[in-house]
Every structure is written in structure tokens, then in C-alpha cells.
Amino acid sequence: MATPMELSCWGGDWGLPSIHTESLIVMAYAKFSGAELKIQTIDWTWKTLTGTVPALNLEDAIVTKPVHIVNYLRKQKYNVDYDLTAKQGADTLAYIALLEEKLHPALLHTFWVDAENYSNVTRPWFASRTPFPLNFYLPCRQSSAALNRILLTKGEPPLHSITEVEAKIYSDAKECLNLLSHRLGTSQYFFGNKPTSLDAFVFGFLAPLHKAHLPSGQLQQHLKQLPSLAHFCDNIISTYFIQNGLGSSPAGQDTVDANLQKLTQLVNKESNLIEKMDDNLRSSPQHRVRRSTNSNTSLVAEESSSSTPA
């Protein structure tokens with residue numbers, strides 16, 4: 001029996017084997033094709049800081065990025081697109097490009113730029129998997145990088161302000177979701193009753209948006225209005241992941257979410273308390289000087305008393 005290939009990727013939560021889009025794409029494709037992968041979940045440490053995730057670790061090389069990993073698995077005869085026609089193959093490439101251009105910027109904004117989602121969901125999750133002191137720095141750096149990427153790719157004229165850019169990327173993302181829903185229709189998968197690489201890519205992009213508990217979720221709400229896509233994600237999770245022990249039960253997930261919410265609230269309360277204490281210290285009188293003055297006064301009085309004859 002062949003030794004399973006090792007895949008380094010971000011870990012799971014929210015009932016998903018991974019919360020990371022690119023990691024999910026590779027994991028889903030491996031399940032569809034029957035490729036055995038040994039999953040190695042990572043933390044955000046100095047060792048992994050400059051690495052690319054997901055990464056397929058081979059004996060003599062490391063393959064990164066979903067497209068390259070999928071191509072490698074195909075060469076190893078794990079090819080779920082074998083029965084596709086030339087037109088279906090072209091459609092696959094077109095839809096993957098559509099996901100990258102139209103949906104990916106809005107997902108970056110939803111998880112890394114939107115203030116509510118970043119503070120209550122994204123930052124606590126990644127900070128809990130990052131050692132001190134990197135947990136104070138890396139999530140913030142990733143958030144800035146996401147915003148810069150959005151502005152560089154979508155901030156060209158006539159979109160000059162961040163508000164205009166945000167409106168555009170969410171409009172494009174909703175249009176992309178509508179197209180995907182129309183293309184899927186009532187089918188189980190995009191090309192019939194067997195999943196292909198397109199299904200892996202769509203699942204990777206949609207599943208985190210579908211499963212995360214987001215306090216600010218206009219794109220998530222739009223996805224919920226497209227039941228075919230929500231059912232598509234749930235079907236892949238239940239068929240390929242939960243039965244293999246990689247998913248979380250709803251009850252267990254509720255407990256995790258509740259604990260995460262309590263932790264976030266506690267951190268926010270402590271931050272507010274520290275800020276108030278700092279403000280009070282800044283505005284309070286200098287007690288140390290006052291005590292010193294009283295002490296000197298008392299000392300002079302004692303000396304005067306001792307020098308006065310009885």
C-alpha cells in the first residue's frame with residue numbers, strides 16, 4: 001500500500017475540515033479522486049511564517065497552490081476530470097477564473113477587512129493558533145495585506161474611494177453566486193452526478209462563507225437565498241467529510257462557537273478596562289508628589305516640636 005502524501009494546511013472549525021479556502025479545495029479534490037493524504041495542520045509560527053499553505057510535501061519537492069497540487073494529483077492518476085468533454089474542461093477553467101476574479105476579493109473583505117467579522121471571528125481564530133508575540137502581529141498584517149490586495153486589483157478608476165470599491169466587489173460577488181446557482185440548477189454537482197475539480201474549487205470558496213457565524217454577513221445572507229449552493233456545500237460535507245470523522249457535530253460546534261464568543265467578549269472587556277484605567281491615570285492628580293509634600297511638612301513639625309522646651 002502506497003504511503004499517503006502529506007498535506008500541510010490550516011485546521012478545521014465550523015463543521016469543516018479546514019476553514020481555509022485553498023486548503024479546502026485540495027482536501028475536497030483528494031476525497032473526490034481517492035488520493036490518500038496525511039493531513040498536517042499548521043500553526044502560525046516563525047517556521048511557517050514564510051511558507052505557502054496548502055503544501056503537498058513530497059520526498060524531493062514541495063508542491064504549493066491548489067492548481068499545481070491538483071495537476072500533480074492528476075499526473076498520479078487521481079483525475080476526476082477524466083470523463084469531461086473538451087467544452088466541459090473549458091467551462092471548468094472559465095468558472096475557476098470567475099471565482100478568483102469576482103468572488104475571492106469579496107471573501108477577503110468579508111473575513112479580513114470587515115471590522116466586525118475580523119474582530120469577532122477571524123482574528124480570534126488565527127490568534128488562538130499563533131504563539132505569543134506573533135498573535136498580536138500576524139493577523140493584523142494579514143488584514144492589511146488583504147485590504148492592499150483588494151485596492152490594488154479593484155481600486156482602479158473610476159473607483160477611487162474604499163466605499164466605492166467595497167460596493168463593486170460585493171456586487172460582483174453576488175453576481176458570481178447567481179451565475180453559479182444558475183449553472184448548478186437542480187443537479188447534485190456541476191457536471192452531473194460525479195464531482196469534478198470545479199466542484200472542489202466551488203466548495204473551497206463557498207463552504208467557509210456558508211458555515212462561519214458572521215456578525216456582518218451581507219454576502220452570506222445572499223448565499224442563503226440560493227438554496228442550491230447551500231445544499232451543494234452540505235452534501236459534500238456530509239458525503240466526504242463527516243462520515244470520515246473530519247467534521248464536527250452541530251452540538252459540538254455550538255459549544256465551540258459559544259466558547260469563542262465568550263472569549264472574544266472577555267478580551268474586549270479587558271481591553272476596554274485597560275483603556276479606562278489608562279485614561280484615569282492620565283487625568284488623575286500626581287498623588288506621589290502630594291504625599292511627599294505632606295511627609296516633609298510632618299517632618300518639619302516634628303523637628304519644631306522636639307526643639308521647643310517643655
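Keep in mind it's a predicted model, so treat the numbers as computed, not measured.
Considering NE2 of His68 and CG of Leu56, their distance stands at 13.0 Å, rounded to 0.5 Å. For the atom pair CG (Leu58) and CE (Met5), the distance works out to 7.5 Å, reported to the nearest 0.5 Å. Taking OG of Ser143 as the reference point, atom CG of Asn117 lies at 11.0 Å (rounded to 0.5 Å). The distance from the CD1 atom of Ile237 to the CG atom of Leu16 is 5.0 Å, given to the nearest 0.5 Å. Considering CG of Leu179 and OG of Ser181, their distance stands at 9.5 Å, rounded to 0.5 Å. Note that NZ of Lys65 and CD1 of Ile25 are 13.0 Å apart. Values are rounded to the nearest 0.5 Å.
Within the 4.5 Å cutoff, the side chain of Ile236 has heavy atoms near those of the Phe32 side chain. Inter-residue side-chain proximity for His109 and Ile150 is flagged as met; some heavy-atom pair is nearer than 4.5 Å. The side-chain heavy atoms of Thr122 and Pro139, taken from C-beta on, include no pair separated by under 4.5 Å.
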**OP:** Could you please spell out the steps behind the side chain to side chain contact (heavy atoms under 4.5 Å, CB included) verdict for Leu103 and Leu219?
**Re:** CA-CA 10 Å; Leu103 187 57; Leu219 191 60; 4.2 Å; yes
Subject >> ring pair (Phe, Tyr, Trp, His ring centres under 6.0 Å) between Tyr118 and Phe111, worked out >> reply: CA-CA 6 Å; Tyr118 174 73; Phe111 285 96; over 10 Å; no
**OP:** Could you check His20 against Cys9 for side chain to side chain contact (heavy atoms under 4.5 Å, CB included), going step by step and ending with a plain yes or no?
**Re:** CA-CA 8 Å; His20 182 230; Cys9 61; 5.8 Å; no
Subject >> Working for side chain to side chain contact (heavy atoms under 4.5 Å, CB included), residues Lys102 and Ile169 >> reply: CA-CA 7 Å; Lys102 300 293 186 181; Ile169 62 175; over 6 Å; no
**OP:** Go through the steps to decide whether Ser33 and Asn79 satisfy the test side chain to side chain contact (heavy atoms under 4.5 Å, CB included), and finish with yes or no.
**Re:** CA-CA 6 Å; Ser33 64; Asn79 188 359; over 6 Å; no
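A donor and an acceptor atom, one from each side chain of Gln220 and His210, are nowhere located under 3.5 Å apart. With 3.5 Å as the limit, one finds no donor-acceptor pair spanning the side chains of His213 and Asn120. Side-chain contact of Tyr170 with Thr110: a donor-acceptor pair under 3.5 Å is present, judged by distance alone.
Not counting sequence neighbours, Lys174 has no partner by the salt bridge (charged side-chain N to carboxylate O under 4.0 Å, His left out) test.
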Pairs under 3.5 angstrom only: tabulate donor-acceptor contacts from the side chains of residues 193-207 to other protein residues two or more places apart or in another chain.
residue, atom, partner, partner atom, Å
Thr196, OG1, Leu198, N, 3.4
Thr196, OG1, Asp199, OD2, 3.1
Ser197, OG, Arg74, NH2, 3.2
Ser197, OG, Asp81, OD1, 3.3
Ser197, OG, Asp81, OD2, 2.5
Asp199, OD1, Phe190, N, 3.0
Asp199, OD2, Thr196, N, 2.8

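Residue pairs meeting the salt bridge (charged side-chain N to carboxylate O under 4.0 Å, His left out) criterion with at least one partner in residues 222-234, sequence neighbours excluded, are absent.
The cationic group of Arg129 lies under 6.0 Å from the six-membered ring centre of Trp125 and within 45° of the ring axis, placing it in a cation-pi geometry.
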